[in-house]
Amino acid sequence: MDLLHQYSDDQNDDEPDSPSQNPSSPPRLLPGRSGAPMVDDTMLALTVSSSASALSRPIDPTQHLVGFNPSYDQLWAPIQGPAHPYAKDGIAQGMRNHKLGFVEDAAIEPFLFDEQYNTFHKFGYAADPSANNYVGDLDALRSNNAVSVYNIPRHQQKRRKTEAKDKKISDENDEEDREEDDGQEEIENPATEAWLLKNKKSPWAGKKEGLQGELTEEQKKYAEEYAKKKGEEKSGFGGEKAEVVKDKSTFHGKEERDYQGRSWIAPPKDAKASNDHCYIPKRLVHTWSGHTKGVSAIRFFPKYGHLILSASMDTKVKIWDVFNSGKCMRTYMGHSKAVRDICFSNDGTKFLSAGYDKNIKYWDTETGQVISTFATGKIPYVVKLNPDEDKQNVLLAGMSDKKIVQWDMNTGQITQEYDQHLGAVNTITFVDNNRRFVTSSDDKSLRVWEFGIPVVIKYISEPHMHSMPSISLHPNANWLAAQSLDNQILIYSTREKFQLNKKKRFAGHIVAGYACQVNFSPDGRFVMSGDGEGKCWFWDWKSCKVFRTLKCHEGVCIGCEWHPLEQSKVATCGWDGMIKYW
C-alpha cells in the first residue's frame with residue numbers, strides 16, 4: 001500500500017496538469033468500488049453481541065424456521081407483553097417445541113390405550129407402547145404373570161362370576177329378612193298402610209269365582225251385531241270409515257213402463273246415426289237445470305244417447321231425457337258428499353258413482369236400487385268398469401291413497417291392487433283391446449299396466465310434464481288425448497311405445513287448475529275441451545287449429561260429451577249447475 005501511495009505522490013509532483021496544481025480544471029470525483037462479496041452481517045452481529053443483548057431479542061414463538069442455533073435462554077425467553085387470560089399457549093395451542101424436546105403424534109388404538117391405562121390403575125404396571133418392555137411395579141408384574149385387565153384366565157373369570165352371584169343372593173336374603181321383620185310389625189299396627197291393605201275387603205269378595213254360564217238375550221244380540229260389523233269392515237263392503245246414507249231414488253217421469261210394457265230406459269227403435277260426418281254445433285238447443293250446485297260429470301247413455309246421466313256436487317246423480325221431453329227422469333240419492341265420477345256399464349242398465357264420502361255405489365239405472373257399495377276408507381277419484389263384455393263385473397277405482405283398486409262385484413272382494421303411483425290417481429283409460437290401461441296421477445306421470453298384473457309396463461315422466469287430470473281415447477283407438485295442466489292437450493300413441501306425438505298439440509284454452517274433460521267427435525275429426533272460463537273449444541284433429549269456441553257456462557265448463565248418434569250435437573256441464581245441449 002505504501003508503494004502505491006508513493007507512486008501516486010510522485011505522479012502528482014511531476015504532472016503539472018493535475019487538478020491540485022491547476023486550480024482552473026474541474027475536480028473529477030470517482031466512486032469507490034469494492035470487490036469483496038456481499039455478507040449477511042445480521043447473524044454476525046448476533047453472535048458477536050453479548051448474551052444480554054441476545055436475550056433482549058427473543059424468538060417469535062410462532063416462527064417455524066430458525067436460521068441459526070439459538071441458545072436455550074433465547075428459545076425459552078418469556079413471550080413479550082401481558083398474557084391473554086383465556087388463550088391457550090404452548091402445546092395446547094399446537095406448538096410442538098417443548099422443554100423436553102419435540103412433541104410427536106403417537107398412534108395407538110383407543111382400546112389398547114384403555115387396556116394399559118386400566119391395567120396400570122389396577123395392578124400398577126403397564127406395557128410401554130414405544131418399546132417392548134413394561135413400566136411400573138415389576139414385582140406385581142411377575143406375580144400376575146403379566147396379565148392385563150382384559151385377558152384374565154378362564155377359571156378366574158368363572159370364579160369371579162360365581163362369587164358375584166353368591167354375593168347378590170346373600171344380599172337379597174338379608175334384605176328380605178329385614179323387610180319381613182319390619183312387615184310383621186307394620187301388619188300388626190292398625191295405623192299403617194300394610195294393615196289397611198291386608199284388612200280391606202275386595203269389591204268382589206264373597207262372589208263365587210268361575211266361568212260365566214249362558215249369555216243373556218241382550219248380550220247375544222250385541223255380540224251378533226258386533227261380529228257382523230267386524231265382518232263387513234274386513235270384506236270391504238259397507239265401507240270402513242265411509243259415511244253411510246240411506247239410499248233412495250225418485251222417479252220423475254209419467255210412467256215407468258209404456259203401453260207396450262217397454263221400460264223407460266229402453267232405447268228408441270229407430271235411433272241410428274244419420275250420417276258419418278260430424279259438424280261443430282253453433283247454437284244452444286236445450287238447458288237442463290235441476291242441480292243446486294255445480295255439475296262435475298256427464299255421460300250419455302251408451303250407443304244410443306237418448307238419456308244423459310249427470311253427477312253433481314249437491315250429492316245427487318240425475319238422469320235426463322234427451323230426445324223427447326228433455327225432463328229429469330230419475331234422481332239417485334245415496335251419497336252424503338259431492339259425487340266425483342260416474343260410469344255406465346256397456347248396456348247402460350247399471351252405472352257406478354264415486355263420491356267424496358269415500359263410497360262407490362253400483363246402481364240399477366231403471367229401478368234406482370243400489371246393487372252394492374264398495375269402499376276402502378279412501379276417496380275414489382275415478383271409477384271404471386272393464387269394457388269387455390265378459391268382464392262387466394270388474395270394477396277399477398283410482399284412489400286418493402295412490403292405489404288403483406280392482407273389485408270383483410259379484411263377490412265384493414278386492415282382487416287386485418295396482419300400487420305404484422306417487423300421488424292420487426286421476427284417470428283410468430283402457431287401450432289395446434282392453435288388455436291394458438293407462439293411468440294418470442297427481443305425480444305428473446303416466447303409467448301403463450297390463451290388466452290384472454300390478455306391474456307397470458311403461459312409465460312416462462318427463463321434467464316438463466304437468467299433471468293430466470283427463471284422458472280420452474281417439475275413436476280409432478290409436479291415440480290418447482291428455483289434458484295437461486299447462487294449458488295444452490297432448491297426444492300419445494297407444495302402440496307399444498306410448499310415444500308423445502310432438503306434431504300434434506292443441507292449445508289456446510285456459511285449464512290450469514281444473515280437471516276439464518277432453519273428448520273426440522265420433523268420427524275423430526274434432527277434439528273438444530271445456531276451459532276454466534266457461535268456454536267450450538273445438539280443434540281440427542288434422543291441422544290442430546282452433547275451429548270454434550262457444551261461451552257455454554258462467555264459471556268453469558268442466559265436462560263435454562259428443563252425442564254418439566246425432567253427429568252435430570254436444571252436451572256440456574259446468575260449475576254453475578247447468579247442463580247444456582248444443
Side-chain angles (χ1 to χ4, degrees), residues 46-47 50-186 194:
L46 268 172
T47 50
S50 65
S51 60
S53 67
L55 277 175
S56 68
R57 285 182 60 188
I59 287 169
D60 178 10
T62 58
Q63 193 173 338
H64 291 288
L65 199 84
V66 182
F68 64 100
N69 275 350
S71 65
Y72 177 86
D73 297 324
Q74 265 177 297
L75 273 176
W76 291 102
I79 296 169
Q80 286 177 327
H84 194 293
Y86 304 120
K88 296 171 176 170
D89 60 348
I91 290 176
Q93 194 190 344
M95 295 180 191
R96 295 304 187 80
N97 283 327
H98 191 255
K99 291 184 185 184
L100 305 177
F102 184 76
V103 179
E104 281 188 10
D105 286 325
I108 180 166
E109 289 292 323
F111 172 76
L112 297 175
F113 178 81
D114 290 346
E115 181 182 25
Q116 296 308 324
Y117 178 82
N118 293 328
T119 305
F120 189 81
H121 279 277
K122 187 167 174 61
F123 298 125
Y125 57 85
D128 181 357
S130 60
N132 293 331
N133 61 346
Y134 282 84
V135 290
D137 187 353
L138 298 177
D139 297 334
L141 177 76
R142 284 187 208 94
S143 65
N144 285 326
N145 256 346
V147 295
S148 78
V149 283
Y150 291 157
N151 56 10
I152 299 164
R154 225 24 193 298
H155 63 273
Q156 210 169 329
Q157 284 180 357
K158 218 169 193 177
R159 195 181 70 228
R160 282 188 184 187
K161 269 186 191 165
T162 50
E163 278 173 11
K165 209 173 185 180
D166 295 344
K167 187 169 184 281
K168 192 178 174 188
I169 289 167
S170 65
D171 287 353
E172 278 175 2
N173 289 341
D174 293 348
E175 214 168 280
E176 274 173 17
D177 293 344
R178 276 201 302 276
E179 276 177 6
E180 266 176 24
D181 298 342
D182 299 346
Q184 202 57 42
E185 287 171 20
E186 281 188 344

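Nothing here was measured: the structure is a model prediction, and the numbers come from that model.
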With rounding to the nearest 0.5 Å, note down the distance linking [atom1] in [X] to [atom2] in [Y].
X: Gln116; Y: Phe111; atom1: CD; atom2: CZ; result: 9.5 Å
X: Asn151; Y: Thr119; atom1: CG; atom2: OG1; result: 7.5 Å
X: Asp137; Y: Ser143; atom1: CG; atom2: OG; result: 7.5 Å

*What class does the angle between the rings of Phe123 and Tyr125 fall in, given that below 30° is parallel, 30 to 60° is tilted and above 60° is perpendicular?*
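The arrangement is parallel - the two ring planes meet at less than 30°.
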
*Kindly check if the number of other-residue, nucleotide or ligand heavy atoms within 6.0 Å of CG (Asn69) is above 12?*
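Check fails, neighbour count at 12 or below.
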
*Decide if atom CD of Glu163 counts as having more than 12 heavy atoms of other residues, nucleotides or ligands within a radius under 6.0 Å.*
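Yes, the 6.0 Å shell around CD holds more than 12 heavy atoms from other groups.
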
*Only counting residues at least two apart or in another chain, list the ones meeting side chain to side chain donor-acceptor pair (under 3.5 Å) with Asn118.*
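Counting only residues at least two positions away or on another chain, Asn118 forms a side chain to side chain donor-acceptor pair (under 3.5 Å) with Tyr150.
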
*Of all the heavy-atom pairs spanning Lys122 and Val149, show the shortest one and how long it is.*
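So the minimum-distance heavy-atom pair works out to CD-CG1, 3.6 Å.
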
*Salt bridge Asp171-Lys168, side-chain N to carboxylate O under 4.0 Å*: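 Salt bridge between Asp171 and Lys168, a charged N being under 4.0 Å from a carboxylate O: no.
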
